[in-house]
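These notes concern the structure reproduced below.
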Amino acid sequence: MLKHMILLLLLSSFLFEIKAQHPPVFEGMLTDTNAIKLNDLNINLVKYSYGKPKVSFLAIHDDEDTGVKAAFEYIQFNGGSIVDSQYGSVRNFKFSKDGFNFQTDPNSIYTQEGIIMGLAKYGNVDNDEVLMQLERTGNQILNYYNPKKLGYIFTLHNNADGGFGISSYLEGYELRSAADSVYINFEMDNDDLILVTDLKLFNHLKKANVNVILQSPEAPDDGSLSVYAMNKNIPYINVEVQHGHQEENLRLIEIAVKALYETYPALKEKASE
Ligand SMILES: [Zn+2]
């Protein structure tokens, strides 16, 4: 009997671990889960919300948790929500279909060209149904986050030390063609930055003296959400910092929310409707 109870206790704490991917979730926080199936891959879109619906964030890579934690801090003190994609704490969607394995970056499924390119990077592309499924998955994520209602897209990403950073967008570097303008605060870490698709937001963030990139309308179509947002004329913000830079992450989120609502006051009113 005792043995069974201990087993039950162990089992229930194990189940709790699985459910609460981001402990500690503070008192009063609400969660809502939208489960998506991509063949044998289960994707849970978990919406964490608290207080007034002031602002809504979206995290699409499940191995990038610093942004999620910073967003929790933000909404605990300001109200708001975050939709966090959970599918096994890895970067890519991996699944099989008709006996074949497929893999893609979930940030490449928002345009048709991007879907094909994203799959090709990891091998198998030759399955029309998979292409359709990925398009549907992208739409499901968008419908749940709901930029139509919000009037913007505000994503959170994290990156590794070195490699990609604000300087990747400078003359002579690999992402130069993706940016119209770049502003650098050389006192900040090269890996901590904000990317926007809108000149007004860019100018505002430049004034706030933070690393910021204005994406070019000619940015290569990689199927990413920023390219989607630019095509659809939806103001887009990505706050992206190096893994672990949680304090800086929170600071940049605060600055970006302020920039968003000072640039577009009507969106702030809309948020509290
Ligand atoms: Zn990311």
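Values in this document were obtained by computation on a predicted structure and should not be read as measured data. First listed ligand is number 1; within each ligand, the first listed atom is number 1.
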* **Verdict with reasoning, Y50 to F26, per ring pair (Phe, Tyr, Trp, His ring centres under 6.0 Å)** => CA-CA 9 Å; Y50 182 71; F26 56 84; 4.9 Å; yes
* Show the numbers, then the answer: is there a side-chain hydrogen bond (donor to acceptor under 3.5 Å, both in side chains) between S108 and D222? => CA-CA 6 Å; S108 71; D222 57 358; over 6 Å; no
* Asked: Do you know which N/O/S atom name in H61 is closest to the Zn ion (ligand 1)?
  -> ND1
* Asked: So, is E240 placed with an N/O/S atom under 2.8 Å from the Zn ion (ligand 1), counting both backbone and side chain?
  -> no
* Looking only at atom types and distance, does a side-chain atom of D221 sit under 3.5 Å from a main-chain N or O of T111, one as donor and one as acceptor? -> no
* Asked: Can D105 and R91 be counted as an ion pair, charged N to O under 4.0 angstrom?
  -> yes
* Which atom, counting only N, O or S, brings H157 closest to the Zn ion (ligand 1)? -> ND1
